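Before any comments, here is the structure.
So you know, we letter chains A, B, ... as the sequences are listed, proteins then strands, and number each from 1. Quick caveat: nothing in here was measured; it's all calculated off a predicted structure.
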Protein chains: 2
Amino acid sequence: MTVWDRPEPPARPLPLDRKRIVAAAVALADEGGLEAVSLRKVAARLDAGPMRLYRYISTKEELFDLMVDEVQAEILPAEPPGDWREALRGLAHGTRRAALRHEWLADLLGGRPTLGPNGLAVAEATLAALDGLADIDTALRAVETVSSYYIGAIRREIARLRAERATGLNEREWQRAFGPYVTKLLATGRFPALARMVHDGTHVTPETSFTTGLEWVLDAVAARFDRP
Amino acid sequence: MTVWDRPEPPARPLPLDRKRIVAAAVALADEGGLEAVSLRKVAARLDAGPMRLYRYISTKEELFDLMVDEVQAEILPAEPPGDWREALRGLAHGTRRAALRHEWLADLLGGRPTLGPNGLAVAEATLAALDGLADIDTALRAVETVSSYYIGAIRREIARLRAERATGLNEREWQRAFGPYVTKLLATGRFPALARMVHDGTHVTPETSFTTGLEWVLDAVAARFDRP
DNA sequence: ACCGTTGCGATACACCGTATCGACCAATAC
DNA sequence: GTATTGGTCGATACGGTGTATCGCAACGGT
């Protein structure tokens, strides 16, 4: 029996590790959103059966945790920041940019404590920036407040982005177009303040809105640092 | 054929409406979380087949939208607030209390624009409170900033609550107990600031933490109102 | 060389959201 | 009064999900 007759040995499946699994899941989520991530599809991308993954994770939620931690690596500042304010600002904008690159992140943000290595590294970097500027409790409160702000702001921004995309790319006209339903409701006169806002409010880019609010919050933090 | 032989006419199924459907869904979610809400189970609670619901909603997401709008009715202030600060504060705390009553709300908060009647009413009440205190754009920015803060804060709080519950009700000792994994990581010395925080930080109730951050943000808003 | 043990992953299960389409019912035509 | 038609409703069915179970194959010890 010649070599030509003999079949190749059964191709050993690619060895798996969490890194490859998470990369596949992130790719799927980037392409089709979180709901496109199924254990079967992730496994298929790696030429494996679904149950194969259970050696590395024990639940789908754990996969999500790993995904979040994975992208948190993108958030860590490249160079040590100048002062605390720049550090917090960088963190907030970094998270926002990550969420714009990986929109599914908005669905997960704040949903579970981030105890992965990168999550902890982010927390460490944040707290380190505030070191010595105030007592520990004030610093903690500052981090919580800023994080809460940008988690909420990012969620809202991505939500609006999706809504605009769904109603047909009317990015600029969203405020006025809003869909017939809302315009009708506004016309009833039951929401005068809202109607005025929609009618007279200037359109600002999401980034401007995000930045403005962030600076306000940072101002509030600064006020506590100056007068402890 | 006597009455006794004749079967009763087939019991006409209870008439359905969105209100009853949403109430059933909310009850299910209150009992078992969002993932306990399936169209089949909601329908079963109403003695109906799953497809029956599709006359009232066309997608499961729409049911979630209705649920959110439903609980937003609980948020509207009972009496007109004294000043803008009290209004925003009331809104934030109202939302937080609603999320503690209906934990699944935290999963949905900020996830989609709230265009339902109650959502719009909440927005109207908020904006009305700021009326005339600043130019429209500043007012809008203020509302966005405060909402972003409390959406993020509530999500984080519920996430921690669930994590504590899952690791076994160690509510008080969470900071120190944290699970063997984190303590090990902290022991490596790679996260000094974090370790100090965990070790020396005072334990504050979630409500205190929420309120503190909220007042900071409100201070920031007030600063913009005073000096426009 | 054999056998006991372990651990992997294919099979299978219960359940999901919802597209499809047959059965039913009301209204119309004769 | 009866036959027919039209439209609507919801039972059935489909393709997919996360994961429990357990037969089998590979391995280590005697």
Whole-Å distance between D:dT12 P and B:Y54 OH? 17 Å
Could you state the atom-to-atom distance from CZ of A:R52 to P of D:dG18 in whole Å? 18 Å
Return the value, rounded to whole Å, for the distance between atom CG of B:L63 and atom P of C:dC16. 14 Å
Nearest-angstrom distance from the residue atom CG of A:L39 to P of C:dC13: 20 Å
Rounded to whole Å, the CG-P distance (A:L28 to D:dT17) equals 11 Å
Are OP1 or OP2 of D:dG16 and a side-chain N or O of A:K41 less than 4.0 angstrom apart? no
Rounded to the nearest Å, what distance is computed from the OH atom of residue A:Y56 to the C1' atom of nucleotide C:dG7? 12 Å
Give B:R55 one of three labels, base, sugar-phosphate or nothing, depending on what nucleic acid heavy atoms sit under 4.0 Å from its own. sugar-phosphate
Evaluate the ring-ring contact (aromatic ring centres under 6.0 Å, His included) criterion for residues A:H93 and A:Y150: first the C-alpha distance (whole Å), next the side-chain angles of each, then the deciding distance (0.1 Å), finally the verdict. CA-CA 8 Å; A:H93 278 111; A:Y150 69 69; 9.6 Å; no
Rounded to whole angstroms, how far apart are CZ on A:R40 and P on D:dT19? 11 Å
Test: B:R165 and B:E103 ion pair at under 4.0 Å: yes
Report yes if a side-chain nitrogen or oxygen of A:T59 is closer than 4.0 Å to either non-bridging phosphate oxygen (OP1 or OP2) of D:dT19; otherwise report no. yes
Shortest side-chain distance from A:M51, nucleotide among C:dT11, C:dT18, D:dT17: C:dT11
How many Å lie between CD on A:E35 and P on D:dT17, as a whole number? 12 Å
Answer whether the closest heavy-atom distance between the side chains of B:E74 and B:R97 falls below 4.5 Å. no
Is it true that A:K19 and A:E70 have a side-chain N and a carboxylate O under 4.0 angstrom from each other? no
